[in-house]
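Just so it is clear: chains get the letters A, B, ... in the order the sequence lines come, proteins before strands, and each one is counted from 1.
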Protein chains: 2
Amino acid sequence: MKPSFEIQNLTKSCNELLILSTVLDEKKHGYQIALEIEEKSAGYFKFNHGTLYPILHKMEKEKYIKGSWQQEGPKRKRKYYTITEKGKKYYAAQNLGWHDFFQQFMKLCGEKSA
Amino acid sequence: MKPSFEIQNLTKSCNELLILSTVLDEKKHGYQIALEIEEKSAGYFKFNHGTLYPILHKMEKEKYIKGSWQQEGPKRKRKYYTITEKGKKYYAAQNLGWHDFFQQFMKLCGEKSA
DNA sequence: TTAGATATATAGAGAGTCTATATAAAAATG
DNA sequence: CATTTTTATATAGACTCTCTATATATCTAA
């Protein structure tokens, strides 16, 4: 299946948007991102840590987010991520992409049952 | 990301529902299924044949569809697929799953931009 | 002091999609 | 009549992504 917009892998895009949505307003660290997504969705979305960190690294490498190690007080170091301009554009584009996808998908598979 | 319903791989589920949606009413063969999805979505969804056939085989193996080779008139043999009872239940369940997913996803990632 | 929560990271397995290729027959074109 | 295009199905190999499991380290609470 190859929609005309960037989504080849819906799960990947979904994961990326969920992550980006949490850093739209302010910097967050990985563990915090995972918690926030889980809490905001009442447990519906739940990241494995073994899934989350590789995605964060990939997104940093692709410059959608920027990470920096920080330490406040006696706490252990945490890597905080902020969204980049490229990331904001990507988020907006993918968001529109999902809108189109929903519409198209519902048109074909919208009936509740056979 | 692990939603509570069966969707671990959104693309896979999407592909399966698109295919099932075409055989809800009547039997179809692979090539016909691909064409119908492409036409109904005005080119938005487009299956590679190298993607379509393995999925059909997998779905047949899992008994969501049943295939049978048939030949009408002088035409070459074609493998026609019909949906099974298990397939209908699966379609309905996944359809509800997508509804929940859309709602949850939009709640977190619904804003058009940053 | 020990257990549990916080916090990040990666290796290896497993699953799925994509590109490319192979085969074959019917229909259309020259 | 020969050739090309379209119809039709199939699979191998590469590539990518997610998941499980494991490793490391610190802080907090019992």
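A salt bridge links E60(B) with K79(B): the closest approach of a Lys/Arg side-chain nitrogen to an acidic carboxylate oxygen falls below 4.0 angstrom.
Partners of E62(A) according to the side-chain contact (heavy atoms from CB on, under 4.5 Å) rule, which considers only residues two or more places apart in sequence or in another chain, are K58(A), Y64(A). Residues satisfying the side-chain contact (heavy atoms from CB on, under 4.5 Å) test with S41(A), not counting sequence neighbours, are Y44(A), F45(A), Q104(B), L108(B). Partners of K28(B) by side chain to side chain donor-acceptor pair (under 3.5 Å), not counting sequence neighbours, listed by chain and number: E36(B).
Considering V23(A), T84(A), I83(A) in turn, T84(A) is the only one that fulfils the side chain to side chain contact (heavy atoms under 4.5 Å, CB included) rule with K66(A).
Considering only heavy atoms from C-beta on, N9(B) stays 4.5 Å or farther from L10(A) through its side chain.
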Check nucleotides 10-12 of chain D against the protein and report each pair of N or O atoms closer than 3.5 Å, with its distance, or say if there are none.
unit_1  : atom_1 : unit_2 : atom_2 : d
dA10(D) : OP2    : H57(B) : NE2    : 2.9

Nucleotide N/O of nucleotides 12-16 of chain C paired with protein N/O under 3.5 Å:
unit_1  : atom_1 : unit_2 : atom_2 : d
dG16(C) : OP1    : K12(B) : NZ     : 2.8
dG16(C) : OP2    : K58(B) : NZ     : 2.9

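Between the side chains of Q32(A) and Y80(A), no donor N or O sits under 3.5 Å from an acceptor N or O.
Annotation: the span from I37(B) atom CD1 to T22(B) atom OG1 amounts to 5.0 Å, rounded to 0.5 Å. The distance from the CE atom of M59(B) to the CD1 atom of I55(B) is 8.0 Å, given to the nearest 0.5 Å. Annotation: the span from Y53(A) atom OH to H57(A) atom NE2 amounts to 8.0 Å, rounded to 0.5 Å.
Taking the six-membered ring where tryptophan is involved, the planes of F101(A) and W98(A) are perpendicular, since the angle between them exceeds 60° and thus also 30°.
Secondary-structure annotation of DNA chain C gives the stems C:1-30 with D:1-30, with a stem taken as at least 3 successive Watson-Crick or G-U pairs whose two distances both fall under 3.5 Å.
Residue L52(A) contributes atom CG, which lies 16 Å from atom C1' of dA21(D) at whole-angstrom precision. What separates CD of Q70(B) from P of dT9(D) is a distance of 12 Å, to the nearest Å. Whole-Å rounding puts the K77(B) NZ to dA24(C) C1' distance at 13 Å. To the nearest angstrom, P of dT6(C) lies 18 Å from CZ of F47(A). In this structure, K28(B) atom NZ and dT9(D) atom P are separated by 13 Å, rounded to whole Å. As a whole-Å value, the separation of K46(A) NZ from dT20(D) P is 12 Å. As rounded to whole Å, 18 Å separates atom C1' of dC18(C) from atom CZ of F45(B). The OH-P distance, from Y31(B) to dA24(C), rounds to 19 Å in whole Å.
For dT18(D), the OP1/OP2 oxygens have no side-chain nitrogen or oxygen of N48(A) closer than 4.0 Å.
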